[in-house]
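Written out below as structure tokens is the structure these notes cover.
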Amino acid sequence: MDKTHKQQYFSTELLSWYLRHRRDLPWRRSKNPYYIWISEVMLQQTRVDTVIPYFHRFVERFPTVQALAEAPEEDVLKLWEGLGYYSRARNLQGAVREVHERYEGTVPNTKAEISSLRGVGPYTAGAILSIAYNKPEPAVDGNVMRVLSRYFLIEEDIMKPKTRILMEKLAQKLIPEGTAGDFNQALMELGAMVCKPRSPICLTCPVMEHCAAREAGMEEELPIKKKAKPPRPEWRMAALIAGSGDHAGKVLIRQRPQEGLLARMWELPHTEVPFSYKEAQPSSAEAVPVLFDLLVEQLAEETIGVVPERWFMHAEHTFSHIHWDMQIVLCSMEPGVLPTDAGMLLPTHYQWVDSKAMEAYAFPNVFLKILNQYFASCSKK
DNA sequence: AAAGCGGGGCA
DNA sequence: TGCCCAGCTTT
């Protein structure tokens with residue numbers, strides 16, 4: 001079988017398989033470019049099952065370009081809470097505002113215009129152009145690179161930008177006339193459902209017969225991929241500061257800086273513990289006073305005077321590049337030190353919240369879990 | 001080219 | 001419990 005026929009066989013069989021087996025996903029029920037856009041941004045680095053409930057809530061609250069463009073950023077961040085990579089949400093809203101103003105609310109349909117939008121890279125541009133507008137542009141994500149590297153036995157490192165370019169050229173050639181949207185989704189669907197990263201289900205694959213990796217017994221070896229560096233460890237001490245008086249039943253939360261990790265999200269006040277404190281790292285209820293002092297000093301710099309009371313819990317959280325090992329300590333406010341409950345002002349990036357008031361602030365999952373556990377333990381008593 | 005940026009699923 | 005997944009932006 002020559003090269004052209006092998007490609008034609010692949011495209012035809014794959015497309016036919018997709019039309020018979022495609023999942024009924026919320027964003028496949030519409031060709032609204034705005035909905036396709038939202039789904040594609042949410043699906044970056046994120047599984048379908050995770051995205052579905054977020055997608056429903058998001059389009060219900062922001063049904064149009066105008067609705068999202070005019071929404072407060074905190075509302076958008078709150079609806080993204082738990083989904084991760086929060087710059088996606090801020091970039092999406094920024095880009096939607098641009099579409100609202102510059103394109104009168106119509107998502108552009110040219111490669112140059114759509115690629116200029118914040119948060120829209122080569123994959124997302126291709127996905128929107130092909131799925132919403134049926135333009136013959138490739139949409140190469142991890143699924144597609146895995147499928148193509150196996151079927152065509154491509155042994156280039158898929159982490160290299162050059163490999164993605166190569167895959168895009170190949171993927172574009174494979175698109176049958178007039179079927180770009182379905183064909184691109186077919187490639188991704190095969191990668192998600194059949195040609196999986198581990199233990200691919202080759203026996204049900206519509207193109208198994210001519211899969212080069214399968215013929216070579218290499219399907220588990222591909223794609224070739226350089227290993228990522230392990231996350232660097234960090235120790236942290238967080239304070240659960242219980243309010244009294246007017247703030248009884250509430251705890252103090254803090255907003256993170258405008259830029260960087262978890263930008264503008266809310267958290268428990270906390271501090272990094274230098275590794276020089278290795279011996280003192282508390283792993284249980286026997287928290288060490290010197291670490292309490294560290295936390296007290298750190299918060300004092302932000303004019304928050306606290307008194308550590310007792311150890312509450314341990315939490316671990318892994319980002320792609322950092323691993324947090326965190327001890328959480330129950331604290332009370334120090335009487336007579338700013339800010340007190342007697343009407344002194346908190347810094348603006350601090351707030352008192354109870355379980356109900358938390359609904360107005362977006363938290364990373366790690367702090368959400370701690371706070372929920374804390375309020376649950378309070379209501380039990 | 002490399003690093004920063006979350007969170008969840010699976011064997 | 002350890003390993004895997006991987007798109008866009010910034011440096």
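Chain letters run A, B, ... following the sequence lines, proteins first, then strands; residues in each count from 1.
Under the side-chain hydrogen bond (donor to acceptor under 3.5 Å, both in side chains) criterion, A:Ser355 pairs with no residue at all, not counting sequence neighbours. Checked against side-chain contact (heavy atoms from CB on, under 4.5 Å), A:Arg232 has the following partners two or more places apart in sequence or in another chain: A:Glu234, A:His321, A:Ile322. For A:Arg20, there are no salt bridge (charged side-chain N to carboxylate O under 4.0 Å, His left out) partners at least two apart in sequence or on another chain.
Look at A:Lys196 and you won't find any side-chain N or O under 4.0 angstrom from OP1 or OP2 of C:dC5. Between A:Lys226 and the phosphate of B:dA2, there is a side-chain N or O to OP1/OP2 separation shorter than 4.0 Å.
Within 4.0 Å (heavy atoms only), A:Arg146 reaches sugar-phosphate atoms of the nucleic acid but no base atom. Across all strands, A:Lys162 comes closer than 4.0 Å to no nucleic acid atom at all (heavy-atom distances). Across all strands shown, A:Lys160 has no heavy atoms under 4.0 Å from either base or sugar-phosphate atoms. Within 4.0 Å (heavy atoms only), A:Asp49 reaches no atom of the nucleic acid at all.
When the P atom of B:dA1 is taken as reference, atom CE of A:Met159 falls 13 Å away, rounded to whole Å. Taking atom NZ of A:Lys229 as the reference point, atom C1' of C:dC3 lies 19 Å away to the nearest angstrom. To the nearest angstrom, P of C:dG7 lies 11 Å from CD of A:Glu40. The CD1 atom of A:Ile158 sits 8 Å away from the C1' atom of C:dA6 (whole-angstrom rounding). B:dA1 atom P lies 12 Å from atom CD of A:Glu156, rounded to whole Å. The distance from atom NE2 of A:His323 to atom P of C:dC3 is 13 Å, rounded to the nearest whole Å. The distance between atom CE of A:Met188 and atom C1' of C:dC5, rounded to the nearest whole Å, is 16 Å. If you measure from atom CD1 of A:Ile201 to atom P of B:dA11, you get 10 Å, rounded to the nearest angstrom.
Here the separation of B:dG9 from C:dC8, taken at their C1' atoms, is 23 Å to the nearest Å. Only the C1' atoms considered, C:dA6 is 14 Å distant from B:dG4, to the nearest whole Å. With both ends at atom C1', the span from B:dG6 to C:dC4 equals 15 Å, rounded to whole Å. Atom name P, nucleotides C:dC5 and B:dC5: the rounded distance is 22 Å, in whole Å.
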(request) Mind running salt bridge (charged side-chain N to carboxylate O under 4.0 Å, His left out) on A:Arg150 and A:Glu221 for me, showing each step along the way? (result) CA-CA 9 Å; A:Arg150 285 175 178 166; A:Glu221 269 52 63; over 6 Å; no
(message) Let's go through A:Leu43 and A:Trp27 carefully: what are the C-alpha distance in whole Å and the side-chain angles of both, what is the deciding distance for side chain to side chain contact (heavy atoms under 4.5 Å, CB included) to 0.1 Å, and is it a yes or a no?
(response) CA-CA 11 Å; A:Leu43 286 163; A:Trp27 45 89; 3.9 Å; yes
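Judged by distance alone, the side chain of A:Asn134 and the main-chain N or O of A:Ala180 form a donor-acceptor pair under 3.5 Å.
Of the residues in residues 119-130 of chain A, not one places a heavy atom less than 4.0 Å from an atom of DNA chain B.
Under the 30°/60° scheme for interplanar angles, the aromatic rings of A:Phe319 and A:Trp324 are found to stand perpendicular.
Surrounding NZ of A:Lys160 are at most 12 heavy atoms belonging to other residues, nucleotides or ligands under 6.0 Å away.
Within the structure, every pair that satisfies the side-chain hydrogen bond (donor to acceptor under 3.5 Å, both in side chains) test and touches residues 65-74 of chain A, not counting sequence neighbours, is listed here: A:Gln66-A:Glu70, A:Glu73-A:Arg264.
Linking Ile, Leu, Val, Met, Phe, Trp and Tyr whenever their side-chain heavy atoms come within less than 4.5 Å leaves A:Met145 and A:Leu222 in two separate clusters.
Comparing A:Ser199 and A:Pro161 along DNA chain B, the residue whose closest nucleotide (by nearest heavy atom) sits nearer the 5' end is A:Pro161.
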What pairs of nitrogen or oxygen atoms, one from the protein and one from nucleotides 5-7 of chain B, lie under 3.5 Å apart?
residue, atom, partner, partner atom, Å
B:dC5, OP1, A:Leu261, N, 3.0
B:dC5, OP2, A:His321, NE2, 2.9
B:dG6, OP1, A:Tyr86, N, 3.2
B:dG6, OP2, A:Leu262, N, 2.4
B:dG6, O4', A:Tyr85, N, 3.1
B:dG6, N7, A:Ser320, N, 3.4
B:dG6, N2, A:Gln45, O, 2.7
B:dG7, OP1, A:Tyr86, OH, 2.3
B:dG7, OP1, A:Asn365, N, 3.4
B:dG7, OP2, A:His317, NE2, 2.8
B:dG7, O3', A:Gly82, O, 3.3
B:dG7, O3', A:Asn365, ND2, 3.3
B:dG7, N7, A:Thr318, O, 3.4

